[in-house]
Amino acid sequence: DTPTQDNETVLRMGRKRIEYKCVYCALADANAKYKDADVTILAPSEKKGQPVEITRTSGKWNAPEGAVFVAVKASHRVCQVTYRAFTNKAGYDTYVAKNKAQLSEPKPLTLTEMIAVAGK
């Protein structure tokens, strides 16, 4: 984490808490290692201290209305910059503008699209 931005992503499954570097890593593990479990993922947003809560209950994924994701393939070293969640499109646009150097050809994704990217 930095003074202006959270970076740690957390997956909760029952009483288990697993920390990840980015939302992609958490979604990928949820789909591969914990595919039958109900999970909650707290993904850092553009607002420090206010993560985007992603849940899977009975196999159905949900995120807050208006949530947007960015997924630009890059080294795991910088995945906390290139795979992120946002509370809305305006937050996405501001973040992309500030991080142009590391986000080549970004595109806003829905939760369904982000899950598909993480499943590859």
Side-chain angles (χ1 to χ4, degrees):
D1 294 346
T2 70
T4 59
Q5 175 178 290
D6 293 330
N7 286 317
E8 180 182 84
T9 300
V10 174
L11 181 144
R12 289 191 204 146
M13 183 179 57
R15 292 179 25 190
K16 189 174 195 167
R17 180 182 194 277
I18 307 165
E19 297 170 0
Y20 294 89
K21 203 169 169 189
C22 72
V23 66
Y24 174 94
C25 296
L27 285 168
D29 266 8
N31 285 329
K33 294 181 182 177
Y34 313 112
K35 56 184 160 188
D36 294 326
D38 291 347
V39 299
T40 298
I41 296 172
L42 300 175
S45 74
E46 74 280 8
K47 299 175 182 176
K48 185 155 177 71
Q50 296 180 32
V52 172
E53 183 175 283
I54 305 162
T55 60
R56 182 179 63 200
T57 306
S58 300
K60 182 168 173 40
W61 285 101
N62 289 294
E65 187 174 333
V68 179
F69 300 83
V70 66
V72 174
K73 189 173 181 175
S75 157
H76 181 65
R77 189 173 47 92
V78 295
C79 68
Q80 76 278 6
V81 174
T82 61
Y83 295 99
R84 293 199 61 95
F86 305 92
T87 58
N88 56 46
K89 177 75 166 57
Y92 166 91
D93 290 337
T94 300
Y95 182 81
V96 167
K98 286 181 184 176
N99 294 280
K100 284 182 188 177
Q102 292 176 299
L103 298 173
S104 63
E105 301 179 33
K107 174 184 144 190
L109 303 176
T110 65
L111 176 59
T112 300
E113 292 168 323
M114 184 66 196
I115 291 166
V117 168
K120 292 181 180 177

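Each residue takes its place number in the sequence, starting with 1.
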Decide yes or no for [X] and [Y]: does some side-chain heavy atom of the first lie under 4.5 Å from some side-chain heavy atom of the second?
X: D38; Y: M13; value: no
X: V10; Y: R17; value: yes
X: S104; Y: K73; value: no
X: Y83; Y: K21; value: no

Check: Hey, mind stepping through Y24 and D29 against side-chain contact (heavy atoms from CB on, under 4.5 Å) and telling me if it holds?
Finding: CA-CA 9 Å; Y24 174 94; D29 266 8; over 6 Å; no
Report yes or no: do [X] and [Y] belong to one cluster of Ile/Leu/Val/Met/Phe/Trp/Tyr joined by side chain heavy-atom distances under 4.5 Å?
X: Y20; Y: I115; answer: yes
X: I41; Y: V117; answer: yes
X: I18; Y: W61; answer: yes
X: V39; Y: I54; answer: yes

Okay, side chain of [X], backbone of [Y]: is any donor-acceptor separation there less than 3.5 Å?
X: K47; Y: G91; result: no
X: K89; Y: G66; result: no
X: E113; Y: T110; result: yes
X: N62; Y: R56; result: no
X: T82; Y: V72; result: yes

Non-hydrogen atoms of [X] and [Y] that approach each other most closely:
X: A118; Y: L27; answer: CB-CB, 3.7 Å
X: F69; Y: V23; answer: CE2-CG2, 4.4 Å
X: P44; Y: T9; answer: CD-OG1, 3.2 Å
X: S45; Y: R84; answer: O-NH2, 3.5 Å
X: T40; Y: E53; answer: CG2-CG, 3.7 Å

Check: So F86 and Y92, would you call those rings parallel, tilted or perpendicular, with 30° and 60° as cut-offs?
Finding: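 Ring orientation of F86 relative to Y92: perpendicular.
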Note to self: Out of the candidates D93, V52, N88, only one should pair with E46 under the side chain to side chain contact (heavy atoms under 4.5 Å, CB included) rule; please name it.
What the structure shows: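 The passing option is N88.
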Note to self: Evaluate C22 against H76 for side-chain contact (heavy atoms from CB on, under 4.5 Å), listing each step before the verdict.
What the structure shows: CA-CA 9 Å; C22 72; H76 181 65; 5.6 Å; no
